[in-house]
There are 2 protein chains.
Amino acid sequence: MEPLHTPSPTESELEILQVLWQQGPSTVRQVNDLLNRRREIGYTTTLKLMQIMLEKGLATRDASGKMHIYQAAVEEASTQQRLLKRFVDTLFRGSASQLVMQALGNHEASSEELDEIKSLIEQMEKQQPK
Amino acid sequence: MEPLHTPSPTESELEILQVLWQQGPSTVRQVNDLLNRRREIGYTTTLKLMQIMLEKGLATRDASGKMHIYQAAVEEASTQQRLLKRFVDTLFRGSASQLVMQALGNHEASSEELDEIKSLIEQMEKQQPK
DNA sequence: AAATATATACGAAGCATTTCGTAAATGCAA
DNA sequence: TTGCATTTACGAAATGCTTCGTATATATTT
């Protein structure tokens, strides 16, 4: 039985989704190896997490071969969007621009990226010049 | 005994910090009343959370009167910064500008806010025109 | 002072998350 | 086919978070 709404991924599940989004369909071993570049985590731990993600509907898998091949079942952009909204709400009282200011102030961004953002802003101002 | 590093607030603790940041020093009842405008939550639940926040070093209190008065012990900006970094890392692979694009694209921002952001960007470009 | 209202203290249940140990299955190699 | 290496399945411990019930303390009112 599948859940009506796919639940929000936990932090560990997000780590795995990152790998699946970037690498495409992967085995448990592949995912676990990548995760271990950042932090130590047991193989069966990753396996269990991915099995849970399957149950939750966050991933699908091809179990025809010996090694099951997992794939993300949620889109990166929409997942980012949903979690971003919650983040902005609980930490920035819903003010996206406040978050943007913080993000730009404390991380480096190349001038190309900055230009990209600027043109996005100009585009938005044209669209709704309220 | 105090923790060496103040731990990251949980989601519930962030709700309370929001209130303390906005309202300043407050009693449990004041916080609980405000929280109940958004969702139902029992008085002793809020009390317990605030006591835990005291233990964790997220809040301090004045217990001289009958009603204890709690106060945020972590700064809003630095807390935002720390959590934002983690958020960007786990959901946007460390790319702040990606997050900014998503944030601007999916939330409304007034043209005043957009102008503010634009001038921030221009300022940044001047400072490090790499 | 007794009764009442309101506050804090504390323990613990319920649940989710993370982690891993152990067993069973599977494929490959000798 | 027998054994070895690898994989999956499953259970469950350990921890953390949220919630609230009950007991106790404190103040106010009558």
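Naming convention: chains lettered A, B, ... in sequence-line order (proteins, then strands); numbering from 1 in each chain.
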Approximate separation, where rounding is to 0.5 Å, of A:Leu34 CG and A:Thr46 OG1: 10.5 Å

Are A:Glu15 and A:Arg39 within salt-bridge range, i.e. N to O under 4.0 Å? yes

Could you tell me whether A:Arg93 atom CZ has more than 12 heavy atoms of other residues or ligands within 6.0 Å of it? yes

Which whole-number value in Å describes the distance from A:Met67 CE to D:dA5 P? 17 Å

Atom-to-atom span, CD1 of B:Ile16 to P of D:dC17 - whole angstrom: 13 Å

Earlier contact from the 5' end, DNA chain C, for A:Lys48 and A:Ser64: A:Lys48

By nearest-heavy-atom nucleotide on DNA chain D, the more 5' of A:Leu47 and A:Lys66 is A:Lys66

Could you tell me the separation between the CG atom of A:Leu99 and the CG atom of A:Leu84, rounded to the nearest 0.5 Å? 6.5 Å

Short question: side chain of A:Asn32, backbone of A:Val28 - any donor-acceptor pair under 3.5 Å? no

So does B:Lys56 get a side-chain nitrogen or oxygen closer than 4.0 Å to the phosphate oxygens (OP1/OP2) of D:dC17? yes

Between D:dT6 atom P and A:His68 atom NE2, what is the distance in whole Å? 17 Å

Output the rounded distance in Å from CD (B:Glu13) to P (D:dT19). 11 Å

Does D:dC17 have its OP1 or OP2 closer than 4.0 Å to a side-chain nitrogen or oxygen of B:Ser12? no

Take the protein atom CZ of B:Arg39 and the nucleotide atom C1' of D:dC20, then report the distance between them rounded to whole Å. 13 Å

Ring geometry between A:Phe92 and A:Phe87 (parallel below 30°, tilted from 30 to 60°, perpendicular above 60°): tilted

Give a yes/no on whether any side-chain N or O of A:Arg29 is located under 4.0 angstrom from OP1 or OP2 of D:dT6. no

Under 4.0 Å from OP1 or OP2 of D:dT19: is there any side-chain N or O of B:Tyr43 that close? no

Under 4.0 Å between any heavy atoms, over every strand shown, what does B:Gln51 touch: base, sugar-phosphate, or nothing? Just pick one. base

What pair of heavy atoms forms the shortest contact from A:Val31 to A:Ser26, and how long is it? CG2-CB, 3.8 Å

Report the distance from atom CD of B:Glu55 to atom C1' of D:dG16, rounded to the nearest whole Å. 13 Å

Which part of the nucleic acid, if any, lies within contact of B:Thr44, taking any heavy atom under 4.0 Å across all strands shown: a base, the sugar-phosphate backbone alone, or nothing? base

Taking heavy atoms of chain B and a 4.0 Å limit, find me the 5'-most and 3'-most nucleotide of DNA chain C within that range. C:dT6 to C:dA12

Whole angstrom is fine here: how far is it from CD1 in B:Ile41 over to P in D:dG21? 13 Å

Any side-chain N or O of B:Thr45 under 4.0 Å from OP1/OP2 of D:dT18? no

Could you tell me how far apart B:Ile52 (CD1) and D:dC20 (P) are, to the nearest whole angstrom? 13 Å

